[in-house]
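Right, one structure below, let's go through it.
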Amino acid sequence: MSASVHMTESPLPALRGRVQAGAALGPSTWFRVGGPADWLVRPADVDDLLRLLRRAERPITVMGAASNLIVRDGGVRGIVLRLARGFGDVVVEADGVVAGAAALDATVAEHAAAASLSGLEFLSGIPGSIGGAVAMNAGAYGAEIADILDWAEIATVDGLLRVRAAELRLSYRRSQLPIGGVVVRARFHAAPGDKDAIAARMAQIRESREATQPVRARTGGSTFANPPGHKAWALIDAAGCRGKALGGAQVSEKHCNFLLNAGEATAADLEDLGEAVRAAVLAHSGISLQWEIRRIGERSA
């Protein structure tokens, strides 16, 4: 059970944000699995975050909206950092949107749509928050963060940096953040558009997700990255893994590149099922699927 801990009782620097020792992480993840963090820290603002980065001695793991994450059953050693209030502002400008790292991707799309700005509609189809989207160059429905990012502000041990998109060398589901850097804010360019057309595109994306993905299940989004020239789901289907189960985990019948917590799955069930799928695909097609879902922490002994 997690317990709030006064900062003077912890090995962390004095912060104004919230700190919990032994904090349960599973309930915060979309899969609803995983062990506790030694320390869960939610900084109050950028200054609080910078103080933590400069003075904390333990390893720091960043956890966003946890929509694309498996926390292993043994929990996470050191500090788990989660940006929440103080990092969620969304500001609409004439030709773009500036959003805090904790703002949800869909919320940013909605702000842009309300201002008749086009180009950000695809964000409505990406679960998760802006910080994670920038860090992994998230994409869907024919677009990705690299197409719209102007700059990102990144907190580091040396202070707050504003980094141009080109400097992040964004590639398929990857970015090159400064070592130990944490995205805190980003600007996306957009263009004036027709409000009805923007709304129609977002409705189309929502309908497509509902029709093709298990959006109401305990899942974590796309499990594996698409190999060059292939779709991961098609490789998984061809290898006979649609509906495959292990413990409480299952490959979605609706979309084979989604793993589900079908009941009382553990993180180990999900990860082991994912590895079994990778092995089956490799044996069938000779292609090695790479995890897109992040896995953090330690397996249970």
Apart from [X] itself, what residues make up its hydrophobic cluster when side-chain heavy atoms of I, L, V, M, F, W and Y under 4.5 Å apart count as a link, directly or indirectly?
X      : result
Leu104 : none
Tyr172 : none
Met202 : Ile198

Indicate, with yes or no, if [Y] and [X] share a hydrophobic cluster defined by side-chain heavy-atom contacts under 4.5 Å among Ile, Leu, Val, Met, Phe, Trp and Tyr.
X      : Y      : value
Leu49  : Val98  : no
Val62  : Val19  : yes
Leu246 : Leu289 : yes
Met63  : Ile293 : no
Ile70  : Ile296 : no

Side chain to side chain donor-acceptor pair (under 3.5 Å) contacts touching residues 177-203 (sequence neighbours left out):
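Qualifying pairs: Glu93-Arg187, Asp95-Arg187, Asp150-Arg187, Asp150-His189, Glu153-Arg185, Arg201-Gln204.
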Could you list the donor-acceptor pairs under 3.5 angstrom formed between side-chain atoms of residues 134-143 and any protein atom two or more places apart in sequence or on another chain?
residue, atom, partner, partner atom, Å
Asn137, OD1, Ile145, N, 3.3
Asn137, OD1, Ala146, N, 2.9
Asn137, ND2, Glu144, OE1, 3.4
Asn137, ND2, Ser171, O, 2.8

Closer than 3.5 angstrom, by distance alone: can the side chain of [X] be matched with the main-chain N or O of [Y] as a donor-acceptor pair?
X      : Y      : answer
Asp105 : Ile130 : yes
Ser222 : Phe224 : no
Asp73  : Gly35  : no

Salt bridge or not between Arg278 and Glu275? Use side-chain N to carboxylate O under 4.0 Å.
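Looking at Arg278 and Glu275, the cut-off is met.
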I'd like to know if Asp158 pairs up with Arg54 as an ion pair, taking the criterion as any Lys NZ or Arg NE/NH1/NH2 lying under 4.0 Å from an Asp or Glu carboxylate oxygen.
no
Measuring only between side-chain heavy atoms, which start at C-beta, is Pro214 closer than 4.5 Å to His255?
yes
Do the non-hydrogen side-chain atoms of Leu81 and Pro43 ever get within less than 4.5 Å of each other?
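Answer yes - side chains close enough.
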Applying salt bridge (Lys or Arg N to Asp or Glu O under 4.0 Å), name anything that partners Arg209, two or more places apart in sequence or on another chain.
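If we apply the salt bridge (Lys or Arg N to Asp or Glu O under 4.0 Å) test to Arg209, skipping adjacent residues, there are no hits.
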Could you go through Glu271 and Trp291, starting from their C-alpha distance and side-chain angles, then the distance that decides it, and tell me whether this counts as side chain to side chain donor-acceptor pair (under 3.5 Å)?
CA-CA 10 Å; Glu271 190 169 7; Trp291 284 87; 5.8 Å; no
Counting only heavy atoms not in Glu253, do more than 12 sit closer than 6.0 Å to its CD atom?
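Correct, the count exceeds 12.
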Do we see a donor-acceptor contact under 3.5 Å between the side chains of Ser288 and Gln290?
yes
